[in-house]
Amino acid sequence: QVALVESGGGLVQAGGSLRLSCAASGGTFSRYDMGWFRQAPGKEREFVAVIRWIGTGTYYADFVKGRFTVSRDNAKNTVYLQMNSLKPEDTAVYYCAARGTVRLSYRAHEYDYWGQGTQVTVSS
């Protein structure tokens with residue numbers, strides 16, 4: 001069983017930056033793909049980024065490419081999402097999730113463990 005706790009959300013003006021953190025406990029962190037998803041009011045949860053445990057490759061949704069960077073520190077059991085050039089449409093609850101298989105997935109329902117989420121609000 002893996003427990004995930006996100007932090008770092010908040011209110012920022014458009015064009016600003018935030019760094020989200022997700023601390024994991026209770027499992028072998030280095031063996032999990034770590035994904036970030038977000039959910040805006042009235043919308044479905046959507047994929048944002050993932051960093052793999054095999055080779056630490058990174059993958060992004062098109063709408064964040066060039067603005068967001070996902071990274072991980074296996075020694076600290078933590079994954080990060082650096083968000084730059086934020087836009088009002090980035091406003092959402094951001095969740096981290098863990099997936100413990102070798103096949104890459106962008107689908108929320110294929111992730112095994114979830115954090116409670118952290119609110120990001122971008123004002124115009």
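The figures here come from the full heavy-atom set of this structure, side chains too, leaving out hydrogens, waters and symmetry mates.
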Exercise for the section: Go through the steps for Leu86 and Phe68 under the test side-chain contact (heavy atoms from CB on, under 4.5 Å), then give the verdict. Expected result: CA-CA 9 Å; Leu86 283 162; Phe68 291 10; 3.8 Å; yes

Fill in the blank from the handout: Residues passing the ring-ring contact (aromatic ring centres under 6.0 Å, His included) test with Tyr106, sequence neighbours excluded, are Phe47

Practice task
Find the distance between CD (Gln39) and CD (Gln119) and round it off to the nearest 0.5 Å.
Solution key: 11.0 Å

Exercise for the section: Compare all side-chain heavy atoms of Arg52 with those of Thr58 and state whether any distance is below 4.5 angstrom. Expected result: no

Exercise for the section: Flag yes if Tyr94 and Val64 sit in one hydrophobic cluster, no otherwise; membership is Ile, Leu, Val, Met, Phe, Trp, Tyr, and two members link when side-chain heavy atoms are under 4.5 Å apart. Expected result: yes

Exercise for the section: Examine Tyr60 and Val79 and state if one hydrophobic cluster contains both, with Ile, Leu, Val, Met, Phe, Trp and Tyr joined whenever side-chain heavy atoms are less than 4.5 Å apart. Expected result: yes

Handout entry: Polar side-chain atom of Thr91 near backbone of Val122 as donor-acceptor pair, under 3.5 Å
Key = yes

Problem - Considering all heavy atoms, the nearest Arg38-Glu89 contact - result: NH2-O, 3.9 Å

Practice task
Starting at CH2 of Trp36, measure out to CD of Glu46 and round the result to the nearest 0.5 Å.
Solution key: 14.5 Å

Handout entry: Check: Phe29 main-chain N/O paired with Asn77 side-chain donor or acceptor under 3.5 Å
Key = no

Practice task
Provide the closest heavy-atom pair for Ala97 versus Tyr111 in the form atom of the first, atom of the second, distance.
Solution key: CB-CD2, 3.6 Å

Completion exercise
Distance col, row Thr69:OG1 vs Arg19:CZ, nearest 0.5 angstrom, shows 11.5 Å

Handout entry: Derivation and outcome, side-chain hydrogen bond (donor to acceptor under 3.5 Å, both in side chains), residues Arg99 and Thr101
Key = CA-CA 6 Å; Arg99 174 174 161 81; Thr101 67; 3.0 Å; yes

Problem - Residues that Ser17 engages under side-chain hydrogen bond (donor to acceptor under 3.5 Å, both in side chains), provided they are two or more places apart - result: Asn84

Fill in the blank from the handout: Value for OG (Ser71) from CD1 (Ile51), rounded to nearest 0.5 Å, stands at 6.0 Å

Problem - Joint hydrophobic cluster, Phe63 plus Leu18, side-chain heavy atoms closer than 4.5 Å - result: yes

Completion exercise
For Met34 and Cys22, the nearest pair of non-hydrogen atoms, with its separation, is CE-SG, 4.4 Å

Practice task
Check salt bridge (Lys or Arg N to Asp or Glu O under 4.0 Å) between Arg67 and all other residues, then give those that pass, not counting sequence neighbours.
Solution key: Asp90

Fill in the blank from the handout: Closest non-hydrogen atoms of Ser21 and Thr78, given as atom of the first, atom of the second and distance, are CB-CG2, 4.3 Å

Exercise for the section: For the pair Thr118 and Glu6, evaluate side-chain hydrogen bond (donor to acceptor under 3.5 Å, both in side chains) and give the outcome as yes or no after the intermediate values. Expected result: CA-CA 6 Å; Thr118 186; Glu6 302 96 336; over 6 Å; no

Exercise for the section: Under the side-chain contact (heavy atoms from CB on, under 4.5 Å) rule, what do Arg72 and Tyr80 come out as? Steps first, then yes or no, please. Expected result: CA-CA 6 Å; Arg72 66 191 299 161; Tyr80 304 97; 6.0 Å; no

Practice task
Answer yes or no: is there a donor N or O on one side and an acceptor on the other, between the side chain of Thr28 and the main chain of Ser30, under 3.5 Å?
Solution key: no

Problem - Nearest atoms (heavy-atom pairs only) where Trp114 meets Phe37 - result: CH2-CD1, 3.5 Å

Handout entry: Check: Leu4 and Tyr95 side chains under 4.5 Å, non-hydrogen atoms
Key = no

Exercise for the section: Give the cluster check for Val70 versus Leu104: same hydrophobic cluster or not, with ILVMFWY residues linked at side-chain heavy-atom distances below 4.5 Å. Expected result: no

Problem - hydrophobic_cluster_shared for Val2 and Leu20, side chain cutoff 4.5 Å - result: yes

Completion exercise
For Met83 and Val120 the tightest heavy-atom approach is CE-CG2, 3.8 Å

Practice task
Find the distance between OG (Ser124) and NZ (Lys87) and round it off to the nearest 0.5 Å.
Solution key: 14.0 Å

